[in-house]
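Down below is the structure, laid out as structure tokens.
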There are 2 protein chains.
Amino acid sequence: MITIKKMAELLGTSTTTVSNVIHGKTGEVSPAMVEKVQQLLLEYDYVPNINARNLARNKSGIIGLAMKACRDKYENFIKDPFAGELTGAVESCVRAGGYFTMLYISDDITEIISSVASWNVDGLILHGMQAEDGAKITEKIKKPMVFIDCYLEETVPDYVNVGSQDRKGCYDITRYLIGHGHERIAFLADNRFGVDFERLKGFQDALREVGILYTEEHFIMLQPNGDDLSKTLDDVYKKVGDFTAFVCASDYYAAHILNDLKDRGVKIPEDISIVGFDDNVYSQIVRPALTTVHQDVTEKGSLAVDKLLQMIQQEEIGERIIRLPVEIVERDSVKKGKGMHV
Amino acid sequence: MITIKKMAELLGTSTTTVSNVIHGKTGEVSPAMVEKVQQLLLEYDYVPNINARNLARNKSGIIGLAMKACRDKYENFIKDPFAGELTGAVESCVRAGGYFTMLYISDDITEIISSVASWNVDGLILHGMQAEDGAKITEKIKKPMVFIDCYLEETVPDYVNVGSQDRKGCYDITRYLIGHGHERIAFLADNRFGVDFERLKGFQDALREVGILYTEEHFIMLQPNGDDLSKTLDDVYKKVGDFTAFVCASDYYAAHILNDLKDRGVKIPEDISIVGFDDNVYSQIVRPALTTVHQDVTEKGSLAVDKLLQMIQQEEIGERIIRLPVEIVERDSVKKGKGMHV
DNA sequence: TTGAAAGCGCTAACAC
DNA sequence: GTGTTAGCGCTTTCAA
């Protein structure tokens with residue numbers, strides 16, 4: 001690999017001159033010299049040594065994409081279609097902005113912090129962070145960062161987040177169910193934090209609005225893991241008689257529950273209606289196809305990177321907390337009774 | 001951010017000493033000094049500047065994961081469950097080996113090449129490369145690299161690849177169909193290169209073995225894009241009468257075709273049997289669940305990184321061309337007639 | 001056991 | 001226009 005210094009020697013000139021033409025500052029160099037240097041550049045396939053450049057400039061050209069993996073949930077986090085799509089969107093937007101994407105996936109926030117610190121990333125996109133994570137990372141890392149799908153207003157100073165209208169989406173779809181005559185509706189999720197908690201709130205809003213009293217009976221807690229999952233599925237099956245509709249916090253669960261119930265002979269949507277949230281491959285490919293709440297993951301990733309790049313360039317970023325709009329996608333998993341409470 | 005130099009000053013010692021205890025060379029340093037340095041390290045949360053370290057060591061600590069995206073196929077490549085799972089597996093294995101993962105996704109091989117070159121990556125994992133790509137990249141980049149799912153024996157010198165038994169897998173499942181009484185079987189794919197071509201060969205092997213003459217009629221070419229896809233689906237529907245079973249080159253197509261046919265009133269597997277290849281979420285979640293050929297993507301990614309790390313450390317890597325075993329997963333998309341030709 | 005110093009390749013301030 | 005030079009933070013050789 002050829003270096004600037006060597007090329008300068010070869011031409012009997014200085015590194016500054018070579019460096020100048022490399023950076024297109026041809027105003028500072030005589031045309032003849034420019035010509036000669038550019039020839040050498042091509043001839044030797046010059047490629048800058050990024051480590052040296054970054055060291056000298058004290059920047060890195062790297063955008064870190066840090067995702068906290070819940071290893072208890074998925075053995076390989078990025079298998080989740082959400083993670084994959086988000087990663088793809090972020091990478092392509094980062095590349096378009098002239099930066100590179102470095103991936104940090106770990107269930108240990110301190111590991112993420114030290115990796116990020118030592119690479120001296122220019123900015124960070126963060127996903128899956130909870131309150132303490134947010135606090136820790138902003139305390140240690142003083143770099144532009146934007147969160148995705150977090151609810152950390154209280155713990156993170158200068159908080160910037162790109163998320164969805166989780167609460168409204170779930171409110172809407174619950175109202176949709178109610179509008180189709182459903183009154184005995186349950187909400188199913190595997191936790192009560194962040195995104196799922198907001199979705200739960202939307203569910204509660206809808207019930208409250210039509211005068212249904214929300215109680216703990218309305219919440220069915222799911223267990224994500226292998227063995228526990230099948231127990232969860234048993235439990236869900238037992239509740240089928242108690243409700244006419246299930247609002248699942250994600251398509252992932254909605255699809256699995258739908259399939260499991262069907263395999264046990266339950267008719268969807270005749271015996272029970274099921275809706276999800278996300279509108280990903282799960283809801284699209286299952287039959288009956290799931291009525292669900294659509295969110296645009298690619299848009300989410302792109303927007304997050306756009307904002308980050310603006311922050312890096314010290315530009316005005318506008319809204320610091322974005323909730324991307326969501327909309328109901330009607331498919332075939334909801335039984336349509338007479339309208340009520342609409 | 002504290003530096004080695006500053007810490008040395010603080011302690012009135014030299015950078016060498018500090019550096020030595022950072023690297024655990026405590027044999028070279030007095031216990032008292034070791035103690036003092038370690039305290040400072042903790043107190044100031046010392047994190048090495050990787051750019052400086054790499055510059056000094058003349059390495060980068062980066063493993064590049066380069067995937068050629070077929071933008072004509074997927075607007076966001078990594079949406080594909082395969083890509084997501086592979087990325088996750090690679091990242092976790094790279095991290096375990098003490099390296100970091102930089103992502104390069106592009107449909108333009110020259111863009112990938114120049115990115116990779118300027119980061120001076122220590123090694124490369126490559127996916128989705130065709131003959132010319134392989135030739136170009138090995139010509140320009142002289143670094144350890146391992147390919148995934150490629151068939152480039154002829155174009156790439158010192159070729160190392162981790163793939164699956166594509167040919168055998170497709171042979172097996174075709175024989176499986178034949179064993180269940182199927183004789184009029186078609187193979188469906190959207191191309192005739194690489195992996196899909198190998199799978200086609202396996203299909204042909206099976207037909208040949210039982211004395212069925214393979215003709216162009218047996219191959220149904222699929223169009224991946226939006227509008228063309230629905231035309232493709234029309235075409236496939238029209239062929240239902242001509243065959244008793246469809247061997248699809250991937251679960252993705254198998255699932256979509258299965259759903260589309262069902263939506264048109266075709267009974268699976270009564271009217272036509274369908275099998276796929278991959279055993280990913282598509283085949284698992286569709287109903288009837290797809291009989292398919294299982295491949296272990298996580299294993300594929302891990303193994304590729306293992307081999308790459310061995311190459312970087314100049315160790316013996318054993319087999320240079322790996323074909324991971326595959327196996328049939330029996331589910332419900334094949335009609336079981338009387339055995340024939342078994 | 002400790003320290004001084006050269007050097008990794010590039011940048012940028014400054015002098016000529 | 002062009003060249004000199006002092007870093008950026010870390011590693012590593014060699015001498016003390």
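Treat the numbers as computed from the prediction; the structure is a model and nothing was measured. A note on names: the letters A, B, ... follow the listed sequences, proteins ahead of strands, and every chain is numbered from 1.
Qualifying ring pair (Phe, Tyr, Trp, His ring centres under 6.0 Å) partners for Y159(A), counting only residues two or more places apart in sequence or in other chains: F147(A). For Y46(B), there are no ring pair (Phe, Tyr, Trp, His ring centres under 6.0 Å) partners, not counting sequence neighbours. Partners of D296(B) according to the salt bridge (charged side-chain N to carboxylate O under 4.0 Å, His left out) rule, which considers only residues two or more places apart in sequence or in another chain, do not exist here. Under the side-chain contact (heavy atoms from CB on, under 4.5 Å) criterion, A52(B) pairs with L55(A), N49(B), not counting sequence neighbours. With sequence neighbours left out, the side-chain contact (heavy atoms from CB on, under 4.5 Å) criterion links S114(A) to no other residue. By the salt bridge (charged side-chain N to carboxylate O under 4.0 Å, His left out) test, K5(B) is found to be paired with no residue, residues two or more places apart in sequence or in another chain being considered. Scanning for side-chain contact (heavy atoms from CB on, under 4.5 Å) contacts around L10(B) gives I2(B), L40(B), Y44(B), with sequence neighbours left out. Annotation: side-chain contact (heavy atoms from CB on, under 4.5 Å) contacts of Q313(B) (sequence neighbours excluded): Y99(B), E315(B).
With respect to D122(B) and K143(B), no salt bridge is recorded, no charged nitrogen being found less than 4.0 Å from a carboxylate O.
Taking a heavy-atom distance under 4.0 Å as the criterion, the stretch of DNA chain C touched by chain B extends 5' to 3' from dT1(C) to dG9(C). In summary, contact between chain B and DNA chain D, defined as any nucleotide atom under 4.0 Å from a heavy atom of the protein, begins and ends at dG9(D) to dT13(D) in the 5' to 3' direction.
Using a 4.0 Å heavy-atom distance criterion, T3(B) is classed as a sugar-phosphate-only contact. Among the protein residues, T17(B) comes within range of the sugar-phosphate backbone only, with heavy atoms under 4.0 Å from sugar or phosphate atoms but none that close to a base. Within the nucleic acid shown, T15(B) comes within 4.0 Å of at least one base atom, counting heavy atoms only. The residue N49(B) sits close only to the backbone: its heavy atoms come under 4.0 Å of sugar-phosphate atoms, none of a base.
Remark: H23(A), Y46(A), P48(A) in residues 22-48 of chain A come within less than 4.0 Å of DNA chain C through at least one heavy atom.
Recorded end-axis angle for the helix from dT1(C)-dA16(D) to dC16(C)-dG1(D) stands at 40°, based on five pairs per end and rounded to 10 degrees.
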